[in-house]
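Order of the sequence lines sets the chain letters (A, B, ...), proteins ahead of strands, with each chain counted from 1.
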Number of protein chains: 2
Amino acid sequence: MNKILLFLFKEGAAQQPVRLSTTQLGKRLSMSQQNASRCLIELEKEGKIERSEKGIRLTGIAMEDLRHLYHDLKSVFEGAAILKGKIVAGLREGAYYLSLPGYRKPLKEALGFEPFPGTLNLKLNGNPALPSKESGIFIPGFEWKNRSFGGLHAYPCNIEGIPGALLRPVRTHHGPGIAELIAPVSLKKKLRKKEGDWVEVKL
Amino acid sequence: MNKILLFLFKEGAAQQPVRLSTTQLGKRLSMSQQNASRCLIELEKEGKIERSEKGIRLTGIAMEDLRHLYHDLKSVFEGAAILKGKIVAGLREGAYYLSLPGYRKPLKEALGFEPFPGTLNLKLNGNPALPSKESGIFIPGFEWKNRSFGGLHAYPCNIEGIPGALLRPVRTHHGPGIAELIAPVSLKKKLRKKEGDWVEVKL
DNA sequence: ATTACTAAGACGCGAGTAA
DNA sequence: TTTACTCGCGTCTTAGTAA
């Protein structure tokens, strides 16, 4: 049933009535014409669609259904998650950036700790379900000594017990498969881990 | 069934195994223990979950399912999805397949254009949220000269201004990270791009 | 062409129960 | 406690057909 609503939504039935015969509908959704007809009757009874000479239109009830489903999925895909990754060697760039007051100060204010000048870089395994940009704290970019430094998003997190943050520069040099972590202390030392070891991050 | 996958996903079963008895699962999803058990067996058969002493874990197949559903909803709620990828060398197979009337004819009918005999292959970056199988147009397989040719799904799209389609063979030789594109014209020539260049696709 | 009825089979679900 | 079997009922789906 949801399948049908989603299809009609895609066809634009939320905005204006869509002309679709039960035969066409059945074909597109790989079901019989008879079943498509029956489902439309059912959906009409539930007040989720309205039919007229102009075609089929989705009602607010149907839209609410779909929106709920979407929010559910969104929350798990974009929301809190546990990331797992292997420690990889950084380019020592993180240490440099974190020594700049332009990043240092706003990070301290936003996160509540003075970041240790160095990042722990993790190569994430599997499909990294990173949080959405909206859910983090945005640290704007700045100009300094004739160089421009880009903005970044910071996501407070917990790295095997140590409170820290995941950083996502707006102009990142490495793809989404790499996570850059900071904390008030040296993560490598505190965790007693070395390159290639696994680390878990709770967002 | 999707209900169960979504619930397990929310419980974090994508990252690590989750301990849940069938009784608990049934209660949380308002279904009988027996039914929860049956569903888990089914999902295990389909390769969507794995069970061990440590609990239940979602596999990549399940994640793809959820991702498709999410993509479908996202595309209608947030607008068209945009895929980005780098041009990679094909095996010249696409040109051969597109020369066969068995593919050529139904593609022309479905898409409204005569496909140029050649595909543009993109290596997609990040986690490619490809559309679900249902939302595309299915081109059935066929037999020809004692060889059998598999079916494929076609998704109309726009490749930097050029209307075309994304093809997904049922029996694909390359994974979900590669997108095969066709258009009425030679995409490489029209876009004036070469191997390694980035291309944007609006679905 | 269209929609939708009926009949028959497939499938899903819960109760009872076993291990 | 746990999982998972069988059985019976009820819903969903398709085929055939009418209008």
In B/S/- notation, 5' to 3', how is nucleotides 4-19 of chain C contacted by protein heavy atoms closer than 4.0 Å?
BB------SBBBB---
From [atom1] of [X] over to [atom2] of [N], roughly how many Å is that when rounded to an integer?
X: B/Lys27; N: D/dT1; atom1: NZ; atom2: C1'; result: 13 Å
X: B/Gln24; N: D/dT2; atom1: CD; atom2: C1'; result: 11 Å
X: A/Lys45; N: D/dC12; atom1: NZ; atom2: C1'; result: 14 Å
X: B/Ile49; N: D/dT3; atom1: CD1; atom2: P; result: 12 Å
X: A/Leu20; N: C/dA1; atom1: CG; atom2: C1'; result: 15 Å
X: A/Lys3; N: D/dT13; atom1: NZ; atom2: C1'; result: 11 Å
X: B/Arg19; N: D/dT2; atom1: CZ; atom2: P; result: 12 Å

Can you sort out the partners of [X] under side chain to side chain contact (heavy atoms under 4.5 Å, CB included), two or more places apart, ordered by chain and number?
X: B/Arg104; value: B/Glu114, B/Pro115
X: B/Arg38; value: B/Asn35
X: A/Lys27; value: none
X: A/Thr22; value: A/Gln33, A/Ala36, A/Ser37, A/Leu40

Please work out whether the ring planes of B/Phe149 and B/Trp144 are parallel, tilted or perpendicular, with thresholds of 30° and 60°.
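Ring orientation, 0 to 90° scale: tilted.
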Return the angle between end axes of the helix from C/dT2-D/dA19 to C/dA19-D/dT2, with five pairs used per end and rounding to 10°.
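Rounded value for the end-axis angle: 30°.
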Not counting sequence neighbours, which residues clear ring-ring contact (aromatic ring centres under 6.0 Å, His included) with B/Tyr96? List them please.
none
Using the test side chain to side chain donor-acceptor pair (under 3.5 Å), find all partners of A/Thr23 that sit at least two apart in sequence or belong to another chain.
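Side chain to side chain donor-acceptor pair (under 3.5 Å) list for A/Thr23, sorted by chain: empty.
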Taking only residues two or more places apart in sequence or in another chain, which ones pass salt bridge (charged side-chain N to carboxylate O under 4.0 Å, His left out) with B/Lys194?
B/Asp197
